[in-house]
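Here is the structure we will look at, set down as structure tokens.
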Amino acid sequence: MSRLFNFSAGPATLPEAVLKQVQAEMLDWNGTGMSVMEMSHRDKPFMSIAQAAEKDLRELLNIPANYKVLFLQGGATAQFTYIPMNLLGSKTGADYIVTGDWGKKAAKEAAKYLKVNIAATSEADKFTKVPDRATWKLDPNAAYVHYTPNETIHGVEFADIPETNGVPLVADFSSTILSRPIDVSKFGLIYAGAQKNIGPSGLTIVIVREDLIGHAQALTPGIFDYKQMAENESMLNTPPCFGWYVAGLVFKYLLAQGGLKAVAERNERKAKALYDYIDSEPFYSNPVAKADRSWMNVPFVLKNAELDADFLKGAVAAKLSGLKGHRAVGGMRASIYNAMSEEGVQALITYMKEFAKAHG
Ligand SMILES: *Cc1c(COP(=O)(O)O)cnc(C)c1O
């Protein structure tokens with residue numbers, strides 16, 4: 001079977017060139033006579049893979065020297081817990097800006113460890129926008145402000161970085177990291193599960209400002225403590241070696257593509273093509289405020305939900321997979337991460353046109 005255009009929200013499509021390289025190196029990585037899956041993480045070959053991946057990620061995101069980069073396990077969901085345990089320090093609470101289900105989950109988990117202040121939420125608007133800045137109630141004494149730059153389920157993305165007046169900004173970048181350049185120095189902590197824009201699931205990247213580590217609550221387990229993980233180069237225990245290796249190949253691939261500026265230009269073109277088509281065709285609609293629409297996850301509904309099953313069936317026949325929307329929102333969702341080609345987006349638009357013509 002030939003490869004499909006895979007619009008899955010995560011785990012998601014990866015660059016074909018990277019998959020082919022993994023395949024070529026599977027049995028014998030670089031003359032070592034073994035697969036990366038089989039090597040000791042403490043020996044030189046894996047250490048060189050690990051260090052190259054960090055170096056390339058630092059170059060891609062232009063990460064300042066006073067930030068640690070950690071390669072962890074547990075997914076973004078584990079960070080919902082790590083963050084309050086590590087960052088509360090001597091404060092009592094933290095602010096959460098909630099623009100979708102992931103931010104809501106992060107706040108719920110954090111509430112077990114500290115006082116959560118929902119500084120802003122667009123839940124009353126069914127998470128179709130970023131709440132108006134004038135309505136935010138940020139607490140100047142908060143340990144940190146948490147937000148979700150891109151809400152994967154609702155397709156809501158912040159166009160710029162919130163101002164928090166010196167309170168550390170913590171961001172769940174799972175579904176938008178590496179989609180465009182960002183100014184890392186504006187953040188206290190950035191985290192992302194790998195399976196959207198980086199590589200296989202099982203790897204979680206944390207980029208954290210040095211002064212924010214070393215204040216973990218006494219009960220924090222060692223492997224949840226950023227300081228211990230940083231001191232041990234993310235190898236306090238066995239790291240997610242294979243995911244780390246594949247992520248490193250993706251970083252090299254993105255650098256070879258021209259870095260994040262070039263990646264962003266392509267992502268913007270892809271998103272614009274799809275939204276422009278949806279907006280031009282009354283058969284489809286996307287409910288998100290235009291300024292807050294995601295470049296990565298594009299939910300849309302058909303005029304008649306009874307046609308959903310037919311739409312999905314025809315899509316697979318047209319080699320388009322993973323388009324079923326999240327159950328919380330319904331309809332469809334096209335996830336068009338970095339590794340989705342412009343050709344794939346055009347194939348989706350062509351199919352949508354044909355379907356609308358046949359059923360409109
Ligand atoms: C996918 C996703 C998560 C959950 O990630 P896991 O790695 O499965 O824990 C959390 N936040 C956002 C924004 C996501 O897209």
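In each ligand, atom 1 is the first atom listed, and ligand 1 is the first ligand listed.
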Less than 6.0 Å separating the ring centroids of Tyr191 and Phe173?
no
Could you tell me whether Glu16 and Arg3 have a side-chain N and a carboxylate O separated by less than 4.0 Å?
yes
Over 60° means perpendicular and under 30° means parallel, so tell me whether Phe71 and Trp244 are parallel, tilted or perpendicular.
parallel
Within-4.5 Å side-chain heavy-atom neighbours: Met352 and Leu274
yes
Show me a pair-per-line table, with atom names and distances to 0.1 Å, of protein N or O atoms that are under 3.5 Å from an N or O of ligand 1.
from, atom 1, to, atom 2, distance (Å)
ligand 1, 7 (O), Ala76, N, 3.2
ligand 1, 7 (O), Gln195, NE2, 2.9
ligand 1, 8 (O), Gln195, NE2, 3.4
ligand 1, 9 (O), Ala76, N, 3.2
ligand 1, 9 (O), Thr77, N, 2.9
ligand 1, 9 (O), Thr77, OG1, 2.5
ligand 1, 11 (N), Asp172, OD2, 2.6
ligand 1, 15 (O), Thr152, OG1, 2.4
ligand 1, 15 (O), Lys196, NZ, 2.7

Verdict with reasoning, Tyr245 to Glu25, per side-chain hydrogen bond (donor to acceptor under 3.5 Å, both in side chains):
CA-CA 11 Å; Tyr245 152 70; Glu25 296 175 340; 2.6 Å; yes
Between Phe5 and Ala347, what is the shortest heavy-atom contact and its length?
CE1-CB, 3.9 Å
